[in-house]
Protein chains: 2
Amino acid sequence: MRIGELAARAGTTTRTLRYYESRGLLPARRDPNGHRTYDERDVKLLEQIRTLRDFGFDLEETRPFVECLRAGHPEGDSCPASLMVYRRKLAELDALIGELQGVRSMVAAQLARAELAADASVPGGPEPVCELGGRGL
Amino acid sequence: MRIGELAARAGTTTRTLRYYESRGLLPARRDPNGHRTYDERDVKLLEQIRTLRDFGFDLEETRPFVECLRAGHPEGDSCPASLMVYRRKLAELDALIGELQGVRSMVAAQLARAELAADASVPGGPEPVCELGGRGL
DNA sequence: CGTTGCCTTGACGTCGGCGTCAAGGGCTAC
DNA sequence: GTAGCCCTTGACGCCGACGTCAAGGCAACG
């Protein structure tokens, strides 16, 4: 099949496939006209790439999976290098999620504080938070 | 004070301050030589910007806070527009964290599956997962 | 007088993953 | 032939938040 068909089958664009080829990730055979030619194995390689990219993997991080498939393994993650990428990505995700949760709690605290201050500054505003015992909460 | 000193006090660079000025976020007065001049209020504005950026806010998202301070309010988040940004950011963070947790569990599942497959493919390897009843899990 | 050291503006570079032209070749259908 | 569609390569655009370099100015110090 040609590049347009492969792109359509993977739900992506020809530009993307040419880009992958330029990165050495998905090389193509050529027909006598110079047109790129792909087969079913390339469909699988491309699906592997797109799946990982959908998970947020960098293009470079998909390389071990693609090379694993090309080496004849049944799955892209049948190789140690792929497992390493999985583990590294898990660690990255954990770090990032933790960081974001920290930020989230900081922002939530700031919002709560600012909302309290806003209420306090509106004299005839909403009901006081707590009449006895200080500033409420 | 001049740009170098302000940058140093905020732990950033002169390039950054000029960039903020180019965005209309932190305009500067000029001395007779044409050099930028800042005062203590600018220090506070800049600290507000940097704090929010450390939290992952876009530069544009800091604008309401800065304008709030310049309007004379005691805090950058003493204005409704700032509170809106807080709320929007909280929603963004929740969405992102949820998404990342989903990805994390998918990656973890893939890793577990791939590790099992790897063990199974090593004949004299670690103990079989489950002798009776099929492929084990 | 020269050398630091701060400042100025302008403009190009970075990073990733493509999008979007532009100019041209080739094949098929009508 | 010519219209339409697919393909080719090449090259610039984009996004944000600056980094980095170039060329020059002004002040103070020795």
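In what follows, chains are A, B, ... by sequence order, proteins preceding strands, each numbered from 1.
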| query | Heavy-atom contacts under 4.0 Å between residues 11-19 of chain B and DNA chain C, which residues? | reply | B:Arg15, B:Arg18

| Between residues 41-70 of chain A and DNA chain C, which residues have a heavy-atom gap below 4.0 Å? | A:Arg50, A:Arg53, A:Asp58, A:Leu59

| said: Quick check on A:Glu99: does its CD atom have over 12 non-hydrogen neighbours (other residues, nucleotides or ligands) under 6.0 Å away? | reply: no

| field | Atom CD of A:Glu21 with >12 non-hydrogen neighbours under 6.0 angstrom | value | yes

Joint hydrophobic cluster, [X] plus [Y], side-chain heavy atoms closer than 4.5 Å:
X	Y	result
A:Leu59	A:Val85	no
A:Leu100	A:Leu90	yes
B:Phe55	B:Ile49	no

Between atom [atom1] in [X] and atom [atom2] in [N], what is the gap in whole Å?
X	N	atom1	atom2	value
A:Ile3	D:dT9	CD1	C1'	12 Å
B:Tyr20	D:dA17	OH	P	8 Å
B:Asp31	C:dC6	CG	C1'	11 Å
A:Arg29	D:dC7	CZ	P	16 Å
A:Tyr38	D:dC6	OH	C1'	14 Å
B:His35	D:dC26	NE2	C1'	6 Å
A:Leu25	C:dC18	CG	P	10 Å

So, OP1 or OP2 of [N]: does either fall under 4.0 Å of a side-chain N or O from [X]?
X	N	value
A:Asn33	C:dC27	yes
A:Arg23	C:dG17	no
A:Arg30	D:dT9	yes
A:Arg2	C:dG26	no

| task | Please determine, by modelled atom types, if A:Gln101 and A:Arg104 share a side-chain donor-acceptor pair under 3.5 angstrom. | result | no

| task | Assess B:Lys89 against B:Phe57: is NZ or CZ under 6.0 Å from the centre of the six-membered ring, and within 45 degrees of the ring's axis? | result | yes

| query | Do A:Arg50 and A:Thr12 touch side chain to side chain, with heavy atoms closer than 4.5 Å? | reply | yes

| remark: dist B:Met1:CE -> B:Asp42:CG (nearest 0.5 Å) comes out at 7.0 Å

